[in-house]
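Down below is the structure, laid out as structure tokens.
Whatever order the structure lists them in is the order used to number ligands and atoms, beginning at 1.
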Amino acid sequence: MDNMSLINIINFPVLGDGRGTLVALEANRQIPFEIKRVYYIYGTAQGVARGFHAHKALKQVAICLKGSCRFVMDDGKDKQEVILAKPDKGLLIDAMQWHEMYDFSNDCVLMVLADQVYDESDYIREYSKFIEAVNNHVHSSAK
Ligand code: TYD
């Protein structure tokens with residue numbers, strides 16, 4: 001993966017009129033997969049960092065509905081960060097992207113759409129195991 005591909009932001013169409021703003025998200029349209037799960041994180045205490053894992057197969061889109069937070073994305077070779085602070089932008093979290101979240105504002109509501117139901121066996125929670133998996137993948141695809 002090149003450096004550019006670590007931060008993939010999807011800009012959602014904003015349907016606004018005099019009454020305010022509306023964003024609509026549909027599977028396989030604005031969201032590039034079938035949505036099987038939605039979860040959201042809020043009330044995060046000051047100074048708390050979350051994430052610190054990668055998924056073997058899960059694809060997700062993270063949308064900061066309110067407030068802001070910072071993501072660090074890591075493919076095992078490069079790291080890039082992005083601040084999410086707008087409800088009309090989604091960050092694609094692909095499979096095998098180690099991600100860490102920091103600097104949650106007090107009012108942050110971070111919604112995540114996922115293409116699979118919760119499955120702990122899909123998590124890689126140890127960074128050394130993540131690096132091992134990235135290297136194994138590089139070696140097996142080079143054959
Ligand atoms: P965890 O994955 O540790 O959160 P983070 O994204 O910060 O790493 O999840 C916290 C707890 O919530 C953990 O006990 C697993 C549980 N959980 C579910 O039951 N379903 C879910 O969809 C998610 C994301 C977490």
Side-chain angles (χ1 to χ4, degrees), residues 1-16 19-142:
M1 263 192 201
D2 62 24
N3 219 26
M4 290 303 289
S5 60
L6 273 173
I7 307 292
N8 289 303
I9 296 288
I10 307 170
N11 292 299
F12 304 130
V14 175
L15 311 170
R19 295 169 297 168
T21 311
L22 187 152
V23 171
L25 303 178
E26 293 182 14
N28 299 317
R29 294 186 73 180
Q30 298 86 356
I31 303 300
F33 48 72
E34 287 292 341
I35 301 159
K36 288 211 182 142
R37 176 166 53 111
V38 177
Y39 62 93
Y40 38 93
I41 293 168
Y42 62 97
T44 308
Q46 205 160 16
V48 164
R50 301 197 63 135
F52 296 88
H53 61 250
H55 290 279
K56 296 172 194 163
L58 189 73
K59 285 186 165 53
Q60 304 185 95
V61 172
I63 305 156
C64 193
L65 295 179
K66 194 170 165 62
S68 62
C69 64
R70 178 168 62 92
F71 272 76
V72 176
M73 308 300 291
D74 178 348
D75 65 1
K77 294 183 195 70
D78 297 306
K79 285 184 199 202
Q80 279 193 330
E81 58 178 65
V82 64
I83 292 171
L84 292 188
K86 293 201 168 154
D88 63 348
K89 292 192 189 308
L91 172 66
L92 183 67
I93 306 170
D94 217 334
M96 295 305 288
Q97 283 193 316
W98 184 268
H99 50 286
E100 302 173 0
M101 293 101 89
Y102 299 92
D103 301 341
F104 289 86
S105 63
N106 284 338
D107 61 347
C108 180
V109 181
L110 180 69
M111 180 175 75
V112 184
L113 312 179
D115 76 342
Q116 294 298 328
V117 297
Y118 178 73
D119 174 9
E120 185 58 39
S121 72
D122 185 62
Y123 280 72
I124 303 175
R125 290 191 184 271
E126 263 179 67
Y127 192 74
S128 61
K129 294 230 164 85
F130 169 66
I131 295 299
E132 219 173 273
V134 168
N135 290 336
N136 283 341
H137 177 75
V138 168
H139 290 139
S140 59
S141 51

- Query: Less than 3.5 Å between some nitrogen or oxygen of Gly51 and one of ligand 1, yes or no?
  - Reply: yes

- Message: As a test of the contact definition, would atom 20 (N) of ligand 1 count as having a protein heavy-atom neighbour under 4.0 Å?
- Response: yes

- shortest atom 22 (O) of ligand 1-to-protein heavy-atom contact is with Arg37 NH1, 2.4 Å

- atom 3 (O) of ligand 1: which protein heavy atom is closest, and how many Å away? Arg125 NH1, 3.6 Å

- Query: Where does Tyr123 meet ligand 1, judged by heavy-atom distances below 4.0 Å: at the side chain, the backbone, both, or neither?
  - Reply: side chain

- Do NZ/NE/NH1/NH2 and the carboxylate oxygens of Lys36 and Asp115 come within less than 4.0 Å? no

- Task: Taking atom types as modelled, find out whether Gln46 and Asn106 have a side-chain donor-acceptor pair closer than 3.5 angstrom.
- Result: no

- Query: What distance do Thr44 atom OG1 and Asp107 atom CG have between them, rounded to the nearest 0.5 Å?
  - Reply: 10.5 Å

- Should the ring pair Tyr102 and Phe52 be called parallel, tilted or perpendicular, given that the plane angle runs from 0 to 90° and is split at 30 and 60? perpendicular

- Task: Check whether the side chains of Glu100 and Tyr127 place a donor and an acceptor atom closer than 3.5 Å, and report yes or no.
- Result: no

- Item | Top protein contact for atom 13 (C) of ligand 1, by heavy-atom distance | Tyr118 OH, 4.3 Å

- the protein heavy atom lying closest to atom 10 (C) of ligand 1 turns out to be Arg50 NH2, 3.8 Å

- Does a side-chain N-to-carboxylate-O contact under 4.0 Å join Arg125 and Glu120? yes

- When you measure from atom 8 (O) of ligand 1 to every protein heavy atom, which one gives the shortest distance, and what is it? His53 CE1, 3.1 Å

